[in-house]
Amino acid sequence: MTDAISPISPTADNPNDVKTNSPARVLTASVVGTTIEFFDFYVYATAAVLVFPTLFFPNNDPMTALLASFATFSIAFFARPLGAVVFGHYGDRIGRKTTLVAALLTMGVSTVIIGLLPTYETAGVLAPLLLALCRFGQGFGLGGEWGGAVLLATENAPPGKRSWYGMFPQLGAPLGLFLSSGVFWILLHFMSQEALLSWGWRIPFVASIILIAVGLWVRLSITETPAFQKAIDKEERVAVPVAELFRNHKRSLALGTFVALATFVLFYIGTAYLLSYNVKILKIPFLDALEIQIVGSIVFGIFIPFAGKLAERFGRREILILTTVLIAAFSFLLPSLMSAGEGSIFVFAALSMALMGMTYGLIGTALAAPFPTTVRYTGSSITFNMAGIFGASLAPYIATWLQVNYGMAYVGYYLCAAAIITLACILMSRKDEV
């Protein structure tokens, strides 16, 4: 039986026998956990477009209600760096495994509670306040999840396979997006929009308790990573990882944050903003809009392992540079693709998510690379989640505001500016830092 308390310790029968995780177990634990976390996160993003403006932010002007809904959507991104610091501290002090279990529970409980909240009609202004609090809890939990899942994969990777192993937890994003969009798509096949607004929207949030149980079972079956166990054995752990980071790794923190900027801007323009644009502006039926998002999530998932294979062959840094240049070029196609009807919207979704797979598949390993084991959980988590603040928290809001006030071309300029900043930071980073 696996000893979950002393994962890398010699067994009594054979002092040289060490407990290690099998590749299948490591990769399953990393991708299952992130899938559940991102499912919870994206269920909110979908509901923020389809139901929350009506239920929690009633207003005579639908666009104002949507912007208010997107404002609560952004709260999670400001909570994520705090979660990264807190969970990162314990991840670098007591271990990856225990911290990942705590992060999953934090995220999961917040999601289930959302499904039980009263609406504005029942509780008045208290309803959106409680919604915002739960959204904060989602962000806090996800802030501790992502970095640990990436390290679970990369710190168990054999030599020369870190980009490939680091790709697996990234698959949780498209899988979570596919499942969250798919759940709402199924609900709308079995109930009217009125029933969805009345009670059906609660089902994905409450049902996530089943996914949480699965995730805990998988996470509790793994052992600690060999790299962290070595740090324990050599007594290399630092007392306050975040203090060590800001003392000795400020450059890596700053560059890493903006290396991931274009990744976040592209994703939330291609998902949350695109969904709201399709439903509110183009008046595409809910089901059709969700189908577009489902197709995008499939393309997203296909291109993540493709990016991992290319990085193993040509280098992670080189593929990231190429992809960022392609994102900048794509930004000039955005206005025409978004304005030419439902067919071109499918093309936009496919292209944006293909590029997203190429950049997101590698960004996890890239952000973990510059940090030593003793502060890697905290460092990679902070850079990823600070990038979320700058690139994702307000992306749907900013894109909607630019489109309403200046036109679709300015949404493209916004994406292009993010790509230029990211490209500059990749070029400023040393080869071992990305």
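Quick note: residue numbers are just sequence positions, from 1.
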If you apply the rule side chain to side chain contact (heavy atoms under 4.5 Å, CB included), what do you find for I319 with M358, and how did you get there?
CA-CA 8 Å; I319 299 303; M358 292 293 294; 3.8 Å; yes
Main chain of S429, side chain of R317: is a donor-acceptor contact present, judged purely on distance under 3.5 Å?
yes
Cut-off 3.5 Å, side chains only: do S163 and R316 have a donor facing an acceptor?
yes
Between R376 and F371, is there a donor-acceptor pair closer than 3.5 Å when you use the side chain of the first and the backbone of the second?
yes
Please confirm whether the backbone N or O of R219 pairs with a side-chain atom of K97, one donor and one acceptor, at under 3.5 Å?
no
Do side-chain atoms of T34 reach the backbone of P169 as a donor and acceptor pair under 3.5 angstrom?
yes
Going through the distances and angles, do F52 and Y44 end up as a ring-ring contact (aromatic ring centres under 6.0 Å, His included)?
CA-CA 9 Å; F52 288 166; Y44 189 102; 5.0 Å; yes
Tell me if the aromatic rings of F87 and F140 count as close, with their centers under 6.0 Å from one another.
yes
Note, P174 side chain near M353 side chain (heavy atom, < 4.5 Å):
no
Do E312 and K309 meet the salt-bridge criterion of a basic N to acidic O distance under 4.0 Å?
no
Sorted by chain and number, sequence neighbours left out, ring pair (Phe, Tyr, Trp, His ring centres under 6.0 Å) with F267 holds for Y42, F300
Walk me through whether Y414 and Y406 qualify under side chain to side chain contact (heavy atoms under 4.5 Å, CB included).
CA-CA 12 Å; Y414 171 42; Y406 295 99; over 6 Å; no
Sole candidate of F184, W201, W185, F286 that passes side chain to side chain contact (heavy atoms under 4.5 Å, CB included) when paired with T46
F184
Can the ring centroids of F330 and F348 be said to lie less than 6.0 angstrom from one another?
yes
State, yes or no, whether a side-chain contact exists between I304 and Y360 at a heavy-atom distance under 4.5 Å.
yes
In this structure, are over 12 heavy atoms from other groups packed under 6.0 Å from F178 atom CZ?
no
Worked check of ring-ring contact (aromatic ring centres under 6.0 Å, His included) between F264 and F384:
CA-CA 9 Å; F264 277 102; F384 183 78; 5.0 Å; yes
For the side chain of D92 and the backbone of T378, is there at least one donor-acceptor N/O pair under 3.5 Å apart?
yes
Counting neighbours of CZ on F78 that are heavy atoms of other residues, nucleotides or ligands and sit closer than 6.0 Å, is the number greater than 12?
yes
Surrounding CG of L126 (heavy atoms of other residues, nucleotides or ligands, distance under 6.0 Å), is the total greater than 12?
yes
